[in-house]
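Reviewing the structure listed below.
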Number of protein chains: 2
Amino acid sequence: MLEINSRPAAPAEGLTIAEAAERTGVSVHTLRYYERAGLVVTPVDRTPGGRRRYHPRDLRWIDLCTRLRATGMPIRTIRRYAELVTAGPGNEPERLALLEAHRTEVAARLTELQSHLARIDHKVDTYRGRLAEGRAEGFWAPGE
Amino acid sequence: MLEINSRPAAPAEGLTIAEAAERTGVSVHTLRYYERAGLVVTPVDRTPGGRRRYHPRDLRWIDLCTRLRATGMPIRTIRRYAELVTAGPGNEPERLALLEAHRTEVAARLTELQSHLARIDHKVDTYRGRLAEGRAEGFWAPGE
DNA sequence: AGTTGATTTCGAGCACGCTCGAAATCGTAG
DNA sequence: CTACGATTTCGAGCGTGCTCGAAATCAACT
């Protein structure tokens with residue numbers, strides 16, 4: 001466990017895939033899947049033996065992917081974004097457009113979700129009210 | 001088209017599946033699929049020849065299903081709810097619990113979505129700012 | 001050197017929610 | 001009566017996003 005003097009610096013830098021999985025909340029299987037799917041901006045560093053070593057930049061990128069996924073961006077679109085980033089400078093407007101389009105979409109879904117939620121809330125409330133009054137029998141009409 | 005005196009009432013009541021699909025925004029394929037999947041509370045009415053005829057109650061139920069689906073409730077859970085409703089009076093508390101659990105879940109996802117959206121917004125904003133200043137080159141760090 | 005556990009690649013498999021196709025039947029218009 | 005379009009059932013197929021398994025390799029400890 002000691003590596004006090006293993007110069008020219010510890011070769012054991014970076015996190016193992018298991019550690020990266022733990023920190024990002026993504027399974028190791030999924031981490032590898034993302035990589036295979038092209039959701040990378042920079043090839044993940046490897047040890048001489050071929051094991052992945054995750055650096056902060058990788059974790060930040062994965063976090064971004066997670067957020068995009070959580071907001072419903074399809075894998076292929078994230079890949080597209082990753083490709084743009086990988087392609088280097090010159091396509092920033094396109095990247096921005098992609099993100100803005102997503103933003104708009106998410107905002108729309110959010111609004112819609114809220115409205116659906118409100119109606120479900122209403123249903124729950126009337127349901128609860130009727131139950132409290134003991135006259136819930138026969139109540140199922142979806143329209144209320 | 002005239003049915004002025006076709007007693008004991010027009011036998012052509014209710015909407016065809018195509019009409020129901022149009023009104024609910026669900027494809028005819030999906031309507032039939034929902035039925036097969038057990039997402040029904042009352043067997044859909046049929047013409048003597050076997051064609052489905054949708055009545056207002058059916059449309060309201062489908063709308064509810066649509067809202068539940070749109071808020072992420074899995075098919076099997078909707079089926080469970082449908083079963084409870086079909087089972088008749090006596091299980092209202094269970095139905096209410098099911099809906100409330102869903103409500104809670106949706107509210108949580110909503111909050112999470114909002115936070116994700118905020119971070120994406122922030123990224124878009126800084127991105128846009130840098131672009132405007134002409135120093136977007138090299139900018140891709142997911143952490144900002 | 002040997003053992004043990006993590007990691008690798010790669011392809012297959014799975015869960016979900018539709019979506020489609022084929023072949024038969026219905027029903028309406030001419 | 002004939003045509004033709006809509007509808008029926010049923011099973012198969014598909015797209016997405018993982019998830020898993022097998023067999024090989026790596027690495028750390030004893």
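Per chain, numbering begins at 1; letters A, B, ... match sequence-line order. What's counted below: heavy atoms across the whole structure, side chains too, no hydrogens, waters or symmetry copies.
- Comparing C:dC26, C:dT19, C:dT7 against the side chain of B:Tyr33 picks out C:dT19 as the nearest.
- Taking side-chain N and O atoms only, A:Arg69 has a distance below 4.0 Å to OP1 or OP2 of D:dC18.
- With the nearest nucleotide of DNA chain C identified for both B:Gly49 and B:Arg76, B:Arg76 has the one nearer the 5' end.
- Among the nucleotides D:dT8, D:dG17, C:dT7, the one closest to any side-chain atom of B:Arg51 is D:dT8.
- Within the 4.0 angstrom heavy-atom criterion, no nucleotide atom of any strand lies near B:Ala37.
- Of the residues near DNA chain D, A:Gly50 and A:Arg36, the one whose nearest nucleotide (by heavy atom distance) lies more toward the 5' end is A:Arg36.
- For B:Arg46, the CZ atom counts as densely surrounded, since its 6.0 Å shell holds more than 12 non-hydrogen atoms of other residues, nucleotides or ligands.
- When distances are taken from the side chain of A:Arg52 to each of C:dT8, C:dT7, C:dG17, the shortest belongs to C:dT8.
- Side-chain N/O atoms of A:Arg32 include none lying less than 4.0 angstrom from OP1 or OP2 on C:dT9.
- Listed pair B:Arg46 / D:dT9 meets the phosphate criterion, a side-chain N or O lying under 4.0 Å from OP1 or OP2.
- Checking the phosphate oxygens (OP1, OP2) of C:dA6, no side-chain nitrogen or oxygen of A:Thr16 falls inside 4.0 Å.
- Of the N and O atoms on the side chains of A:Thr71 and A:His102, at least one donor lies less than 3.5 Å from an acceptor on the other residue.
- Distances shown here put a side-chain N or O of B:Tyr34 below 4.0 Å from the OP1 or OP2 atom of C:dC18.
- Taking every heavy atom of residues 19-31 of chain B and every atom of DNA chain D, no pair lies under 4.0 Å.
- When every heavy atom of B:Ala82 is checked against every heavy atom of B:Val41, the shortest pair comes out as O-CG2, 3.8 Å.
- A salt bridge between A:Arg60 and A:Asp63 is absent, with no side-chain N of the basic residue lying under 4.0 Å from a carboxylate O of the acidic one.
- A heavy-atom distance below 4.0 Å to DNA chain C is reached by none of the residues of residues 104-116 of chain A.
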Could you go step by step and tell me if B:Glu92 and A:Arg130 meet the salt bridge (Lys or Arg N to Asp or Glu O under 4.0 Å) rule?
CA-CA 10 Å; B:Glu92 287 81 3; A:Arg130 297 197 181 204; over 6 Å; no

